[in-house]
Protein chains: 2
Amino acid sequence: MKAKPLNADSSTEEKIKAAARKLFTQQGFAAVRTRDIASEAGINLALLNYYFRSKEKLFEIIMLENLGHFFQGVAIIVNDEKTSFYKKIELLVDFYVTRLLNNPDVPLFVLNEARNNPQKLPMQFNLMDSFFMKQFFTEVKAGKVKAMNPGHLLINIMGLSIFPFAAKPMIQRVRGISDKEYESLMIERKKLVPEWIKSMLEVKK
Amino acid sequence: MKAKPLNADSSTEEKIKAAARKLFTQQGFAAVRTRDIASEAGINLALLNYYFRSKEKLFEIIMLENLGHFFQGVAIIVNDEKTSFYKKIELLVDFYVTRLLNNPDVPLFVLNEARNNPQKLPMQFNLMDSFFMKQFFTEVKAGKVKAMNPGHLLINIMGLSIFPFAAKPMIQRVRGISDKEYESLMIERKKLVPEWIKSMLEVKK
DNA sequence: GTCTATAATTCGATAGAC
DNA sequence: GTCTATCGAATTATAGAC
């Protein structure tokens, strides 16, 4: 078995992937030119086609990576039988916000891809069959949380966690705040969103 | 002054605009070919350039229309001095959901545009100076609602109202529900989102 | 593996007939 | 106003030298 080179991340292949990841994620497939990727990677256009056969192949690799950012880890969180219902909400929000702080362009990319190529989304992963959902129904039956269509719960968790990243440029425009301020707002949300979700689920006396 | 033709909506110009609106809104500027627009409109490519000088000009028209869907009406709602703080929240949510039920592709389009061309967004419209925000601060000072960074309030209202439309294909994929079911979920949200926002703002005793 | 040069295709835009 | 035919620029992909 061949040993991986020590500097796998600085190999030419990785440089191209890094450039492609940046540009594709920010601008989408159609808006990016392979020339731009090559230039961003500091290499030649021909070399890009030498490593990856085509623009499509390279894009698919990046897409799978980005989808991973979105779905990887979620399955583990929602199916852990040792954590409580509310703890899972905290973990989910923290997971999304933490990951997206480092990859703020991923949400729009994934949402666009989901619309343009829904068949490429991981289908096996059915949130409705998760242990998290079982816990939700248990809480509802016990009268501990308000009954609602579980779709609302999922939309609310994701909407409150993910939307602010997808809408960052728009919100910064209508509010006029800096990148730094926006980041600290997002960090605040790690704590606030679970509290809000809790309030929404609270049974009124 | 010349009278408008009675069938303005079926004129060639309108047919082209309708086709462009559909394709640009669904796929974005770069992914759409002028040939596709012409074909969708049932006319020739040359005719498209006869009516609108270029792809860019046509796109700008569509973009302004779509931005209108998003911002038009919001300014009126948030600056009405006769409606209460909570009433405005109800009106905002209803406005977004109602409009987006008929234009479900607009949110992703606007979010993409806001990122790609932030300078083209209407800047004059500063939500922070609105009467709605004054009312929020009044409520906070009176101890009637929880204090929070007003950015969170805006993000939450928009996230809970708009995100489900931007994420529709993804959510349908992970939940496996039909278009019809999804629509009734959205209609439910007109009533539920304002209630949830209220819960989030409630001062705990 | 990496480059230069170029082939092959696509796409926006126009010329010119009707 | 509307069409066919085509130009010219841009872009993906490859051939071939080093």
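Chain letters run A, B, ... following the sequence lines, proteins first and then strands; every chain starts at 1.
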### Message
Whether Thr34(B) contacts dG12(C) is assessed here as follows: a side-chain N or O lying under 4.0 Å from the phosphate OP1 or OP2. Is that the case?
### Response
yes
## Note on the structure
Lys55(A) atom NZ is separated from dT9(C) atom P, nearest whole Å, by 18 Å
### Query
Side-chain N or O of Thr12(A) less than 4.0 angstrom from OP1 or OP2 on dT2(C)?
yes
### Task
Fit a plane to each ring of Phe132(A) and Phe85(A), take the angle between them on a 0 to 90° scale, and name the class: parallel (under 30°), tilted (30 to 60°) or perpendicular (over 60°).
parallel
### Task
Let me know which of Arg21(B), Arg35(B), Lys22(B) forms a salt bridge (Lys or Arg N to Asp or Glu O under 4.0 Å) with Glu40(B).
Lys22(B)
### Phe165(A) ring center within less than 6.0 Å of Phe163(B) ring center
no
### Task
Take the protein atom CZ of Arg53(A) and the nucleotide atom P of dA15(D), then report the distance between them rounded to whole Å.
11 Å
### Task
Specify the separation, in whole Å, of atom CG of Leu48(B) and atom P of dA13(C).
9 Å
### Query
How many Å lie between CD1 on Ile16(B) and P on dA13(C), as a whole number?
13 Å
### Query
Could Lys17(A) and Glu14(A) be called an ion pair, given the rule that one side-chain N must be under 4.0 Å from one carboxylate O?
yes
### Side chain of Asn49(B) (C-beta onward), nearest among dT14(C), dC3(C), dC3(D)
dT14(C)
### Task
Could you tell me the separation between the CG atom of Asp36(A) and the P atom of dT11(D), rounded to a whole number of Å?
8 Å
### Query
In whole angstrom, what separates Phe52(A)'s CZ from dT2(C)'s P?
12 Å
### Distance, rounded to the nearest Å, where Leu45(A) contributes CG and dT2(C) contributes P
14 Å
### Query
Which part of the nucleic acid does Tyr50(A) contact within heavy-atom distance under 4.0 Å: base, sugar-phosphate only, or nothing?
base
Which donor-acceptor pairs under 3.5 Å do side chains of residues 193-202 of chain A form with protein atoms, sequence neighbours excluded?
| residue | atom | partner | partner atom | Å |
| --- | --- | --- | --- | --- |
| Ser199(A) | OG | Glu195(A) | O | 3.0 |

### 5' precedence on DNA chain D between Asn44(A) and Arg33(A) (nearest-nucleotide basis)
Arg33(A)
### Message
What's the closest nucleotide to the side chain of Ala46(B) if the choices are dC3(C), dA15(C), dG12(C)?
### Response
dA15(C)
### Message
So if I take every side-chain heavy atom of Tyr51(A) and compare against dT2(C), dA13(C), dA13(D), which nucleotide ends up nearest?
### Response
dT2(C)
### Nearest-Å distance for atom pair CG/C1', residues Leu47(A) and dA15(D)
15 Å
